[in-house]
Asks: 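One structure follows; several queries about it will come next.
Because the structure is predicted, anything quoted here is derived from the model rather than measured. In listed order, ligands and their atoms are each counted from 1.
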Amino acid sequence: MAEIKQLSPLVAARIAAGEVVERPASVIKELVENAIDALSTHITVELRHGGITYMRVTDNGKGMAEEDVPTAFLRHATSKIETGEDLENVVTLGFRGEALYSVAAVANVEILTKRREDPFGTSAKVSGGGAPVLAPAGCPDGTSVIVRDLFFNTPARMKFLKKDSLEAGYAEEIVRKIALARPDISFRFISGGKELFFTPGDGSLENAVAALFGREYANAMLPVEYAQDGVKISGLIGKTELSRPNRTFQIFFVNGRSVMHKSFYVALGEAYKGQMMQGRFPVCVLHLNIDPALCDVNVHPSKAEIKFANDKPVFDVIYWGAKNALYAIRDTRKLQIESVPKPVQTEKIVQGEQTAFMPPKKETAVKTDIKPFVKEETPSRIEEERVMAAVEKIIRKEAAPIMEDEPPMVASPSFVPPVKKEEPQVEKPSAPQREAIQEAPAPIIKILGQAFDTYIVAEADGKLLLVDQHAAHERIIYNALVEEMEGKGIDSQLLLLPVTVKLSPSEMAIFKENSEVLLKSGFEAEEFGAGFVKISMVPTALSGCDVAAAFVEVIDRLSGRRDTKTEAQTYALYGVACKAALKAGKLLSVREQEVLVEKALMLDGVATCPHGRPLILSLTKTDIEKQFKRIV
Ligand SMILES: Nc1ncnc2c1ncn2[C@@H]1O[C@H](COP(=O)(O)OP(=O)(O)OP(=O)(O)O)[C@@H](O)[C@H]1O
Ligand SMILES: [Mg+2]
């Protein structure tokens, strides 16, 4: 009896209709999901030209009977559900009976399939939605679907496809996710004739993670196993050292399906609260199991979103599951923390007679009999040197000319950047507009201190100023980088030891697409084995910074839509400046504050950081007096 049946119009109408074929990656996702639903244990995905000319998914699953093959290509024809009631309890990945129909409408599709119990298999060819042409075929048990010339009959959609390497990256990312969803299935991924990964399919999530991201990465993950209010969670979360600048490595599955929901990342973020630096995100591969009746995957045609009858138990199980895993490592560290007062230091910061007074810092010494899991903070000594080097660089450097592409955004309409103060020991600026400024009477900058270790409070030119230290430093560095690039090129330095960094497939594609931009930004990096990049040279502005994190940050900045090389270049430099800049929350010496304020005030006309946030807020004496009702 035929297994695949067309759904009644009533049931079909309840299924979210929509586009399932957007790009090769969406086809791959549908074909692999079909292979999983057919109970396969080995699945091979093969692409050529990013999948645009050729995709093949081969499985060793249950196959189809000859009589079912033509039905499989009909719209709303499925073997997975029959009634509206079944729709409430979907346990397979597919259920709409739409994927093969949609793919066959926009490509040339060939299927070879054989059930174990049949003596021979069936081949079927469909071109651009026409009728399938069937023939008996000698083939192994299972199914192989070949999709050629995607969008050959819809040139408008073809135009939206990106370069082959990017399309291959998207497809690889999807199959990696599915491989993490199903560590019990062995996945092989081949692109352009090269095998990019192979998972063992032995049921161990850790082994799947190791096959995809490397053993070291897998070793820095913590197991999560928790259940509450009927929701179960299991999987792995990363120790803080695996944190990323975005959420790409936060992977969640609900009943085996890769989905995203706001509660997931909010709960995870909450669990790491206080342990994760601002702008960094934990990584995870987490599986949730919940009664299918309590969630709805039918929200979005690509099934990437999910709705829960109640979000709270889902939030709780992730939060407590992750929190417990993190507590578990704390307990094994047996830390003893004691305060060690540090003597007051004075330090030379510039050539010549100036000295900076470093305020005494409370330092903590960590005594532990076991090597702590969490990477220790950068030693404060190195950090201090870095800050001083940055300041020295600011002193040596002159601010770059005003950026023309960015409209000046002055925080307070009353703020007009004052002129530069005379400073005999500082090299004279070269830009002509500076010369004119130099001759004007110099304002005196009075540093009043640092608020919240983030804003410098100063008095200058009759105004009370609040300077955002990170934003100001970022803009100063950015302008200096632009100046360097337009001049002799970005100043870069060779790393003593090259740094290798693991990239996701889409990050790798961005890296490859932007090699020229990266080189121009001062990075020398090359692909180094599957998924790794070796960095051998970095912009000097980054000296002392976490090179890997800075590199990923720059890649991240390049990931949005960048229409021109110049735009990409600008974003790359934003990334470098952001990483090289002093952080908010960093205690600064009076001299450091003074230099920063002075340099920020010299950026006349550009009163925003590269992201458009204001650098300086100001209040005149009159503004203040009005507030105190001294004057009306
Ligand atoms: N690799 C495969 N092995 C065995 N049967 C398959 C395979 N691929 C497709 N089929 C059969 O073809 C039918 C139609 O597949 P199709 O992907 O179009 O729909 P679906 O998987 O039922 O639902 P969805 O549109 O949500 O994916 C399936 O229900 C299944 O019976
Ligand atoms: Mg399907």
Asks: Looking at Glu117 and Arg115, is any side-chain nitrogen of the basic one under 4.0 Å from a carboxylate oxygen of the acidic one?
Replies: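 Looking at Glu117 together with Arg115, the answer is yes, because their closest N to O distance falls below 4.0 Å.
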Asks: Show me which atoms of ligand 1 lie under 4.0 Å from any heavy atom of Phe95.
Replies: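 Close to Phe95: 23 (O), 24 (P), 26 (O).
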Asks: Using a plain distance cutoff, I'd like to know if Tyr101 has any nitrogen or oxygen under 3.5 Å from a nitrogen or oxygen of ligand 1.
Replies: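 No, Tyr101 has no N/O under 3.5 Å of an N/O on ligand 1.
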Asks: Under 4.0 Å from a heavy atom of Ala77: which atoms of ligand 1 are those, numbered in the order shown and with their elements?
Replies: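 This gives 14 (C) as the contact atoms.
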Asks: Say whether Ser191 and Glu172, considering side chains only, have a donor N or O and an acceptor N or O under 3.5 Å apart.
Replies: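 Short answer, no.
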Asks: Can you tell me which portion of Ala99 lies within the under-4.0 Å heavy-atom range of ligand 1? Options are side chain, backbone, both, or neither.
Replies: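 Both backbone and side chain.
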Asks: Can you list the ligand 1 atoms lying under 4.0 Å from a non-hydrogen atom of Glu30?
Replies: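 Under 4.0 Å from Glu30, ligand 1 has these atoms: 27 (O).
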Asks: Give a yes/no on ligand 1: does Lys62 have at least one heavy atom closer than 4.0 angstrom to it?
Replies: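 Heavy atoms of Lys62 never come under 4.0 Å of ligand 1.
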Asks: I want to confirm something. Looking only at heavy atoms, which of Asn34, Asp68, Asp59 is nearest to atom 15 (O) of ligand 1?
Replies: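 Among Asn34, Asp68, Asp59, the closest heavy atom to atom 15 (O) of ligand 1 comes from Asn34.
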Asks: Would you say that more than 12 heavy atoms from the other residues, nucleotides or ligands in this model lie under 6.0 Å from the NZ of Lys80, or not?
Replies: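 Atom NZ in Lys80 is packed in, count exceeds 12.
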Asks: Under 4.0 Å from a heavy atom of Ile4: give me the atoms of ligand 1 that qualify, with their elements.
Replies: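 Checking each atom against Ile4, I get 11 (C), 12 (O), 13 (C), 31 (O).
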Asks: If you measure from the Lys or Arg side-chain nitrogens to the Asp or Glu carboxylate oxygens, is any gap between Lys534 and Glu527 under 4.0 Å?
Replies: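 Here Lys534 does not pair with Glu527 in a salt bridge, since their nearest N and O are not under 4.0 Å apart.
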Asks: Identify, by atom number and element, the atoms of ligand 1 in contact range of Ala38, meaning under 4.0 Å from any of its heavy atoms.
Replies: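 Under 4.0 Å from Ala38, ligand 1 has these atoms: 3 (N), 4 (C).
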Asks: Hey, does the side chain of Thr199 reach the backbone of Ala211 with a donor-acceptor pair shorter than 3.5 angstrom?
Replies: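 No.
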Asks: Going by the angle between their ring planes, with limits at 30° and 60°, are His287 and Phe253 parallel, tilted or perpendicular?
Replies: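 Taking Phe253 first and then His287, their aromatic rings lie parallel (interplane angle under 30°).
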Asks: Please name all residues satisfying salt bridge (Lys or Arg N to Asp or Glu O under 4.0 Å) with Asp68, sequence neighbours left out, ordered by chain then number.
Replies: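 Partners of Asp68 by the salt bridge (Lys or Arg N to Asp or Glu O under 4.0 Å) criterion come out as none, since no residue qualifies.
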Asks: Test your reading of the structure: does Gly63 have an N or O sitting under 3.5 Å from an N or O of ligand 1?
Replies: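 Between Gly63 and ligand 1 (N or O atoms, distance only) the closest approach is not under 3.5 Å.
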Asks: Can you find a side-chain donor-acceptor pair between Asn207 and Arg215 that sits under 3.5 Å?
Replies: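 On atom types as modelled, these side chains qualify, holding a pair under 3.5 Å.
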Asks: Salt bridge check: are Glu30 and Arg96 linked by an N-O gap of less than 4.0 Å?
Replies: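 Counted as a salt bridge, because a side-chain N and a carboxylate O are separated by less than 4.0 Å.
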Asks: Heavy-atom distances under 4.0 Å are what count here, so tell me which part of Thr78 touches ligand 1: side chain, backbone, both or neither.
Replies: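 Both the backbone and the side chain of Thr78 come within reach of ligand 1.
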Asks: To the nearest 0.5 Å, tell me how far Asn310 CG sits from Leu294 CG.
Replies: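 Here the rounded value is 9.0 Å.
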Asks: Show me which atoms of ligand 1 lie under 4.0 Å from any heavy atom of Ala72.
Replies: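 It comes down to these atoms of ligand 1: 12 (O), 14 (C).
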Asks: Taking backbone and side chain together, does Asn34 place any N/O/S atom at a distance below 2.8 Å from the Mg ion (ligand 2)?
Replies: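 Yes.
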Asks: Which option out of Glu98, Lys29, Lys80 puts a heavy atom nearest to atom 21 (O) of ligand 1?
Replies: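 Considering heavy atoms of Glu98, Lys29, Lys80, the nearest to atom 21 (O) of ligand 1 sits in Lys80.
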Asks: Is it true that Asp37 lies under 4.0 Å from ligand 1, counting heavy atoms only?
Replies: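 Under 4.0 Å: no for Asp37.
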Asks: May I ask you to say whether Glu173 pairs ionically with Arg176, meaning some side-chain N is under 4.0 Å from a carboxylate O?
Replies: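 Not counted as a salt bridge, because no side-chain N and carboxylate O are separated by less than 4.0 Å.
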Asks: Hey, is ligand 1 close enough to Leu100 that some N/O pair sits below 3.5 Å?
Replies: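 In this structure, Leu100 places an N or O atom under 3.5 Å from an N or O of ligand 1.
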Asks: Which option out of Ala104, Gly94, Ser79, Gly142 puts a heavy atom nearest to atom 31 (O) of ligand 1?
Replies: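 The nearest heavy atom belongs to Ser79.
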Asks: Are Gly61 and ligand 1 in contact, using a heavy-atom cut-off of under 4.0 Å?
Replies: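 Contact check Gly61 vs ligand 1: negative.
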